[in-house]
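So the structure is just underneath, and the comments pick up after that.
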Amino acid sequence: MYSYTEFDKAFLAERNAQFRAQVERRIDGSLTEDEFKPLRLMNGVYLQLHAYMLRVAIPYGTLNSAQMRTLALLAEKWDKGYGHFTTRQNIQYNWPKLRDIPDMLDALGKVGLHAIQTSGNTIRNVTSDHFAGAAADEVADPRPVAELIRQWSTDHPEYQFLGRKFKIAITGAEQDRAVIKAHDIGLQLVERDGQQGVRVIVGGGLGRTPMIGKEIRDFLPLEDLLPYLEAVLSVYNLLGRRDNKYKARIKITVHENGIDEIRARVERNFAMLKPQFSGTDQALLKQIEAQFAAPAFSTASLAAYESAYTNDPVFRSWADTNLAEHKAPGHAIVTISLKAHGETPGDASADQMRVMADLAERYSHDELRISHEQNVILPHVHKSDLPAIHAELKAQGLATANVGLISDIIACPGMDYCALATARSIPIAQEIATRFDELKLEHEIGALKIKISGCINACGHHHVGHIGILGLDRAGVENYQITLGGDGSEDATIGERAGPGFSAEEITGAVERLVYAYLDLRDSAEETFLQTYRRVGMAPFKAALYPETQREKAA
Amino acid sequence: MPRAFTPKIVTANDLLEGDVIYQTADDRWSRHLEDAELITDEAHAQLRLLHAEAQTGKVVGAYLADAAPSASGPEPVHFREEFRRTGPSNYRHGKQEHAPA
């Protein structure tokens, strides 16, 4: 993992001191709210429905145990004992007091964490594959490149006042776990003839105008990445619209100008910028890479694991759903579900955070990951340790065996917290998860991603949910629209709207009808919901959703 | 005929605490919607909002919200204001934390 240099530490301490002074000046009346707001946003401080909210970046989703313990400390000392992990690998605290926030930032700074550029029209927290460095299917660990991008983009004077926010995601694997095609820039590390390079996707995004990113370069030599990113940003900064907030993202720029025109402009600027890079960035990347060297993986007998797998059905169920293949023999990637049935998706209590930190320290080479699907990962676990890990997780309510299943729901905070929301998301997620747990059906249903957003801005990624749910305000009542067939993977697809929305009371029943329709329609237990949808199309699902309309037609 | 004016309250968030507050008729800020001044005249509503907005050292993001009269004081019209005066639905946090169960 990357550890801060003296320069980094000094920069962060100075930045936090500046913000402390800004808060003081706001409180003593020297700054108006209009003056203070952009300053607080640059430091991750929002004002939400019931309180301030502090959004802390978890760069490319990687944490060590000391950092996780500090997140727990913040939750306990300055908040209400919990934190909410978000769909962009951040953690949000929902109840801080303005005067306390500088202290919270100082505590974070001590362990190399910050809230810089988690808001505002800047380059946001760079997100990555949560299995990075552990996955069996990756070309290279994307995190050193992500760290390079973080350092390059943090406080970069040219990118502090972009036309709109700008999100970059990077993966090192063909299987896309980082939703790179729904980002302003998506990067995929690739190899060609033994040379490392990057496939560059541009102009993706969700929100009110969902777009799948387009390939602007199929292979960019790795050493050209920063000048190329600067070229993309420079084209966006010049061409991007500033007349209308809703048309200001690069997805609109790409859509309006066409990918060929954007590519031609980017290439022109790249040719100018490239000679300005002397190779310092590559020397820095080498230093960063050294810090991300894979840990020394151990070998041990698998007997205890195999015995637990054979004899303990609860352990076996958890192992079947929550483990992923690791690149090292005898190892596994453990996903800890933050989706216990009926609980708030993505929330962890301070105690749970500490338990996860302890487990990481003991069993996972001191590493944790946060996924955009709002779960926590122990990336490097020897299988012989799995029974002990499972037992501890169980004791903390963290052993839910549902990763990738219908109750592993992404949900934004919605109108329970968010000032922008038009409806609630959390209670809908809680009710759907509880219902399918009661039906004891979710393992039979298999892989199914439900994603819920409480407004059109789509923080809950509903457009790329196999079943997407969008909460809206229809004449003063919460109303939920369903989209079907969305996909956030390498085959990224925007879901299709199924028809009129449902009330809060009706939505869980509607999802249930969809699922029963799928169980009837699938040609085998192996065919997933998404595959069935792609094979049979919208019509039979629509019929299941709106039975009255069907009856009217028949009459 | 001009459309009838929907009664309003002035609400905001407290600068230091960040929580929801309501402007009262006697120029205090209360944590309770029942204490809010129910404004039935449009011109008066604008004046009361200006008065709130001028208090930059105390309040953030003042606005007029629709409200309805009741025996116990103003009541929310929209569900957003119902949540603001209560708290989130997933935990008993916010205003409901201190309310009788």
Side-chain angles (χ1 to χ4, degrees), chain A residues 23 26-37 40 45-54 79-82 84 94-101 342-347 349 411 413-431 473 475-478 504, chain B residues 3 6-23 29-33 49-68 74-99:
Chain A
V23 169
R26 174 69 184 100
I27 291 172
D28 75 17
S30 320
L31 288 175
T32 65
E33 186 59 22
D34 286 345
E35 290 163 333
F36 179 64
K37 188 176 176 184
R40 69 167 156 81
V45 182
Y46 284 73
L47 184 57
Q48 296 285 49
L49 276 189
H50 313 291
Y52 286 100
M53 180 267 279
L54 177 65
D79 208 88
K80 292 188 188 286
Y82 72 101
H84 175 75
N94 287 317
W95 304 95
K97 307 273 192 274
L98 184 58
R99 277 190 202 281
D100 290 338
I101 293 173
E343 298 295 328
T344 304
D347 278 13
S349 70
M415 206 187 270
D416 284 307
Y417 298 91
C418 178
L420 300 173
T422 45
R424 288 173 297 177
S425 309
I426 292 168
I428 305 300
Q430 289 173 311
E431 194 180 305
D473 172 355
V477 181
E478 289 169 292
Chain B
R3 249 174 62 198
T6 309
K8 301 276 189 290
I9 51 153
V10 176
T11 180
N13 289 73
D14 181 86
L15 171 67
L16 296 179
E17 299 290 309
D19 61 341
V20 175
I21 49 176
Y22 304 96
Q23 190 172 244
W29 288 93
S30 168
R31 254 90 195 165
H32 306 288
L33 176 58
L49 178 61
L50 283 172
H51 181 69
E53 284 173 343
Q55 300 173 50
T56 56
K58 167 74 186 162
V59 309
V60 186
Y63 65 94
L64 293 167
D66 288 351
E75 285 283 317
V77 170
H78 192 275
F79 59 87
R80 187 175 193 269
E81 293 305 319
E82 180 61 46
F83 299 150
R84 284 182 81 240
R85 76 150 170 186
T86 312
S89 48
N90 59 334
Y91 304 114
R92 206 177 159 78
H93 289 158
K95 294 196 184 301
Q96 60 195 333
E97 213 168 343
H98 307 291

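Just so it is clear: chains get the letters A, B, ... in the order the sequence lines come, proteins before strands, and each one is counted from 1. These numbers were taken from a predicted model, which means no experiment stands behind them.
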Exercise. Please lay out, stage by stage, how B/Glu17 and A/Leu98 fare under the test side chain to side chain contact (heavy atoms under 4.5 Å, CB included).
Key: CA-CA 7 Å; B/Glu17 299 290 309; A/Leu98 184 58; over 6 Å; no

Exercise. Please flag which part of A/Pro96 lies under 4.5 Å from any non-hydrogen atom of chain B: side chain, backbone, both or neither.
Key: backbone

Self-check item: Interchain contact, B/His78 with chain A, by part (heavy-atom threshold 4.5 Å)
Solution: side chain

Quiz item: Does any non-hydrogen side-chain atom of B/Thr56 lie less than 4.5 Å from one of A/Phe36?
Solution: no

Quiz item: How about B/Phe83 and A/Arg424: do any of their side-chain heavy atoms sit closer than 4.5 Å?
Solution: yes

Quiz item: Hey, what do you get for NZ (A/Lys97) to CG (B/Asp19), rounding to the nearest 0.5 Å?
Solution: 7.0 Å

Quiz item: Among A/Gly29, A/Ala419, A/Gly414, A/Ala423, who wins on heavy-atom pairs under 4.5 Å with chain B?
Solution: A/Ala419

Quiz item: What's the verdict on side chain to side chain contact (heavy atoms under 4.5 Å, CB included) for A/Thr422 and B/Arg80, showing C-alpha distance, side-chain angles and the deciding distance?
Solution: CA-CA 8 Å; A/Thr422 45; B/Arg80 187 175 193 269; over 6 Å; no

Quiz prompt | Side chain proximity check, B/His93 to A/Tyr82, heavy atoms < 4.5 angstrom | solution = yes

Exercise. Please name the pair of heavy atoms, one in A/Asp416 and one in B/Pro88, separated by the smallest distance, quoted to 0.1 Å.
Key: O-CB, 3.4 Å

Quiz item: Under 3.5 Å, is there a donor-acceptor pair between the A/Asp347 and B/Tyr91 side chains?
Solution: yes

Quiz item: Contact part of A/Val477 toward chain B, heavy-atom cut-off under 4.5 Å: side chain, backbone, both or neither?
Solution: backbone

Self-check item: B/Glu53 CD to A/Thr32 OG1 distance, which is reported to the nearest 0.5 Å
Solution: 12.0 Å

Quiz prompt | Test side chain to side chain contact (heavy atoms under 4.5 Å, CB included) applied to B/Lys95 and A/His50, step by step | solution = CA-CA 8 Å; B/Lys95 294 196 184 301; A/His50 313 291; over 6 Å; no

Exercise. Tell me yes or no: between the side chains of B/Asn90 and A/Tyr417, is some donor less than 3.5 Å from an acceptor?
Key: yes

Quiz item: Under 4.5 Å between any side-chain heavy atoms of B/Leu16 and A/Arg99, yes or no?
Solution: yes

Quiz prompt | Contact leader toward chain B among A/Glu343, A/Lys80, A/Glu33, A/Gln430, where contacts are heavy-atom pairs under 4.5 Å | solution = A/Lys80

Quiz item: With a 4.5 Å limit on heavy-atom distance, are the side chains of B/Asn13 and A/Tyr52 in contact?
Solution: no

Quiz item: Taking every heavy-atom pair that is under 4.5 Å apart, which of A/Ile426, A/Asp28, A/Asn94, A/Leu47 has the most such pairs with chain B?
Solution: A/Leu47

